[in-house]
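Reminder, nothing fancy here: chain letters follow the sequence lines and each chain counts from 1.
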Amino acid sequence: MPVTKRNPRVRVMTGNEACAEAALAAGLKFFGGYPITPSSEIAEELSTKLPASGGKFIQMEDEIAAMGSVIGASLAGAKSMTATSGPGFSLKQENIGYACLTEVPCVIVNVMRGGPSTGLPTMPQQSDVMQARWGTHGDHPIIVLVPQSVAETVELTIRAFHLTEKYRIPVILLMDETVGHISEKITLPDPAEVKIYERQKPTVSPDEYLPYKHTESDIPEMASFGTGYRFHVTGLCHDQTGFPTNDPVEIEKQMLRINRKLERYRDDIIEVETAGDADAEIGVFAYGSTARSAKRAMLMAQEKGIKVSFLRPRTMWPFPDREVLAMGEAVKKIVVPEMNLGQVAHEIEWAVRGKAEVVKVNKINGEPISPIEILAAIEKAVQ
Amino acid sequence: MSKTKDNEAPPVIEINAEWCKGCSICIEYCPQDVLALENGIAVVVNLDDCNRCQLCDYRCPDYAITVK
Amino acid sequence: MDNFDYTTFLREKKFPLIWCAGCGHGIIMKAILRAVGRVGWDQNDTVMVSGIGCSSRMPGYVDMNTLHTTHGRAIPFATGVKMANPDLHVIVITGDGDATAIGGNHFIHAARRNIDLTVVLLNNTIYGMTGGQVSPTTPRGKKASTASFGNVEAPFNISGLAQAAGASFVARGTAYGAVQLSKYIEKGLLKKGLSVIEAMSPCPTVFGRRNKMKSPVEMYDELRDQSVPVKKAATMSEVELEDKIVTGVLTDVDKPEYTAEYAKLIAKLGGSA
Ligand SMILES: Cc1ncc(C[n+]2csc(CCOP(=O)(O)OP(=O)(O)O)c2C)c(N)n1
Ligand code: SF4
Ligand code: SF4
Ligand code: SF4
């Protein structure tokens, strides 16, 4: 009789648990956090699994401290992550900006709940999409990934580490409560097979090292503390040496460089899923767990003979504006369901430049948006 | 009387005029009145009495004075 | 008399210092560098982390691994550095506002955890960098740009706070008593656990002038006159100790240190760093 061997990597788990597992597979060595629903399971999982793999977990005294500890650990050479939700995400913003300006790789998970304020701790919203992009003050680069399922949480958690180490831009993994808490069957990656980019170490001697050098790639090489490169890191605007500068020419050069990385590498950073009919008149743009309702709605519409196309960003920021414009040029209307009052719909209106009408489907009462609701919007849009 | 023992070389007090901000701390607390302020910068006026206690060095906020 | 050479630890290209004439911060920086020199730490393995304020500008002048963070948050950043690489020596530079107003929470929790950092807290009883606003350590009655009629609040006893919160080493010194201060810092560097050295630092520019002390020297005189060694203080009454600065080693105890305890946990779980 054949023995069915169970693959130990095939498991049923929540998005939060999967995020923790994937971070470990990506080589996570430091996690600093502070408990908050609906993200706490990520910290709980890592509090046991990180030390068992030689990494470090610490529950800090608040989210500000957690974010600071993550930046410090990354500067000492560790792949670092924190996880939080709404109110905690607000508290982290100043130090997120610090990581953006100083180009310190780190991953910030925000499992979105309802807001503002304490809001809806156990219910989903997609209310932090704009905050994820513009939460900290000043022009800054940031990458935001939005998984729709547990399986995709695994992929995008690993990708978050890959991108942050590669580009020295902080990456926010923006899950919604539904993705964080839903249980699904997935196959965990074999850590031995997970290949992610490792930050570029200095190729020059300490004497020649410039921590913020203008290089051809726009990405300076990064030394770790304790490796003989005694460099200075500051949240003040700095020149190539890392020390503060008031020289307008150099300030502009550095600011443009750090922000330029997003546009320059957008095609590597941006990932979208497209589906549906090429000759559709109606497009649907959706992300996170709402995208699953949206896809279902598309199928229901197609059964009724309505041609629909579908666009789903896996990368929310930088915004997939060209992909959205392409959809806008092909369809008459774009239906945008989101669990907020239309944060991304505004961005789409900007991206399509009047080529298509944007139809918003919004819900902020803590309930997910159902396929029926999106279908109704699609049906109304074709009339 | 000189504070330098006969067999010892006399103290060398170096003052970096670029860094000195003329706060007078070294002057006021020198136990031997070795130093004075001239045009807003510390100067040595009485090297013979220096006992090399280095209090001026310890207390100069600006790394402007060293005693060897 | 020693032949300590500061230049090993200085980024001389960044001189002269940003601090005002007579500011105590430069003296305290010297006391730190001399202490590091005496314990023989390699500057490649030493990290200096600061928050924001006049005091927190120090790392820019020191040739080590240096990290100038956000206001109040030096200790969390330092905690991350130390945890990620416990072999590094980590010194935290902070001000009274930085550590006990905006960063007060981190300060007490670092003490509670007893993580192996040496915190040198430059207490000038004012917000220097932002122009002389009242701080959590401004004495009652003293003037500040946000306390024009004299401070009506009670000040923190910072060393007392650190002691109560569990730091394994606490000492208080002054920029006037720079030689002793350096000795306290040396002890703090060597201590396994959280060390807090509160260093009283005159701010002639925004505190002194507003409080009728015309010259830096007047402020140093006052520090000298107010200082009472801890042994002598033990014989004095509370009334006598009012307005006095008790100097010396206030706490020096051995207790479990955070990163060492964490290393034991990793070993127990069979993980390898
Ligand atoms: C979040 C934040 N709030 C306020 C400030 C403005 N700020 C800069 S330094 C400072 C106070 C510094 O005082 P202290 O820590 O006592 O240091 P000192 O300048 O006196 O050495 C303040 C309020 C800031 N930089 N960041
Ligand atoms: S070493 Fe002592 S005696 Fe000599 S100048 Fe300095 S303070 Fe005065
Ligand atoms: S203490 Fe230093 S800065 Fe002040 S007067 Fe003397 S040498 Fe000059
Ligand atoms: S304002 Fe005060 S604390 Fe700041 S540098 Fe000047 S004297 Fe020092």
Side-chain angles (χ1 to χ4, degrees), chain A residues 29-32 47-80 82 93-99 101-102 104 106 206 223-236 238 241-244, chain C residues 11 13-14 18 42-50 52 57 59-90 102-103 105-106 108-110 112-113 115 258-259 262-263 265-273:
Chain A
K29 282 283 170 272
F30 180 86
F31 181 96
S47 72
T48 58
K49 291 185 175 149
L50 254 181
S53 68
K56 316 282 168 67
F57 166 92
I58 187 167
Q59 180 172 319
M60 294 299 283
E61 51 275 11
D62 59 32
E63 287 87 349
I64 303 170
M67 191 62 219
S69 71
V70 160
I71 298 169
S74 185
L75 282 163
K79 288 203 184 83
S80 302
T82 186
Q93 293 301 334
E94 186 192 9
N95 282 341
I96 291 176
Y98 185 95
L101 183 73
T102 55
V104 175
C106 54
S224 297
F225 284 162
T227 57
Y229 294 81
R230 297 191 302 272
F231 60 106
H232 185 61
V233 181
T234 177
L236 288 163
H238 41 262
T241 65
F243 288 93
Chain C
R11 288 167 170 156
K13 273 193 245 161
K14 301 291 155 193
I18 193 177
D42 183 335
Q43 59 213 103
N44 282 321
D45 302 334
T46 308
V47 188
M48 185 179 270
V49 187
S50 69
I52 296 286
R57 283 304 191 94
Y61 302 109
V62 177
D63 189 9
M64 296 175 179
N65 305 276
T66 52
L67 179 55
H68 178 220
T69 70
T70 47
H71 191 26
R73 319 301 174 195
I75 287 175
F77 280 71
T79 299
V81 170
K82 183 71 187 177
M83 276 192 85
N85 185 355
D87 293 337
L88 294 173
H89 307 295
V90 184
I102 192 164
N105 199 24
H106 314 311
I108 56 174
H109 284 280
R112 175 183 62 77
R113 271 183 206 115
I115 183 166
Y258 183 77
T259 57
Y262 204 91
L265 172 69
I266 291 177
K268 197 170 96 187
L269 295 172
S272 58

Are the side chain of Thr102(A) and the backbone N or O of Gly235(A) linked by a donor-acceptor pair below 3.5 Å?
no
Specify which of Pro206(A), Ala76(A), Gly226(A) makes the most heavy-atom pairs with chain C at under 4.5 Å.
Gly226(A)
Does any heavy atom of chain C fall under 4.5 Å from the side chain of Phe231(A), the backbone, both, or neither of them?
backbone
Test: side chain to side chain donor-acceptor pair (under 3.5 Å). Region: residues 57-71 of chain A. Which pairs qualify, not counting sequence neighbours?
Glu61(A)-His106(C), Glu61(A)-Arg113(C), Asp62(A)-Asn105(C)
For the backbone of Ile18(C) and the side chain of Tyr61(C), can you confirm whether one donor and one acceptor N or O come within less than 3.5 Å of each other?
yes
For Phe57(A), which atoms come within 4.5 Å of any heavy atom of chain C: side chain, backbone, both, or neither?
both
Listed once per pair and sorted, the side chain to side chain donor-acceptor pair (under 3.5 Å) pairs that draw on residues 80-90 of chain C, sequence neighbours left out
none
Nearest 0.5 Å, what's the CD1-OG1 distance between Ile71(A) and Thr70(C)?
7.0 Å
Bottom line for Thr48(A): the part with an atom under 4.5 Å from chain C's heavy atoms is backbone
If every non-hydrogen atom of Thr82(A) is compared with every non-hydrogen atom of Gly32(A), which pair is closest and at what distance?
OG1-O, 2.7 Å
In terms of heavy-atom proximity below 4.5 Å to chain A, should Met64(C) be classed as side chain, backbone, both, or neither?
backbone
Segment of Leu265(C) engaging chain A (4.5 angstrom heavy-atom cut-off):
side chain
When Pro59(C), Pro76(C), Ala84(C), Gly72(C) are compared by non-hydrogen pairs under 4.5 Å with chain A, the top option
Pro76(C)
Side-chain heavy-atom pair Ile58(A), Tyr258(C) within 4.5 angstrom cut-off:
yes
Less than 4.5 Å apart, any side-chain heavy atom of His232(A) and any of Thr241(A)?
no
Which of Leu75(A), Thr227(A), Asn95(A) touches chain C most, by non-hydrogen pairs under 4.5 Å
Asn95(A)
Considering only heavy atoms and a distance below 4.5 Å, find which of Gly228(A), Gly242(A), Ala78(A) pairs most often with chain C.
Gly228(A)
Highest number of heavy-atom pairs under 4.5 Å with chain A: which of Ile52(C), Asn65(C), Val49(C), Leu269(C)?
Asn65(C)
In terms of heavy-atom pairs under 4.5 Å with chain A, which of Thr79(C), Thr69(C), Asp42(C), Leu88(C) leads?
Thr69(C)
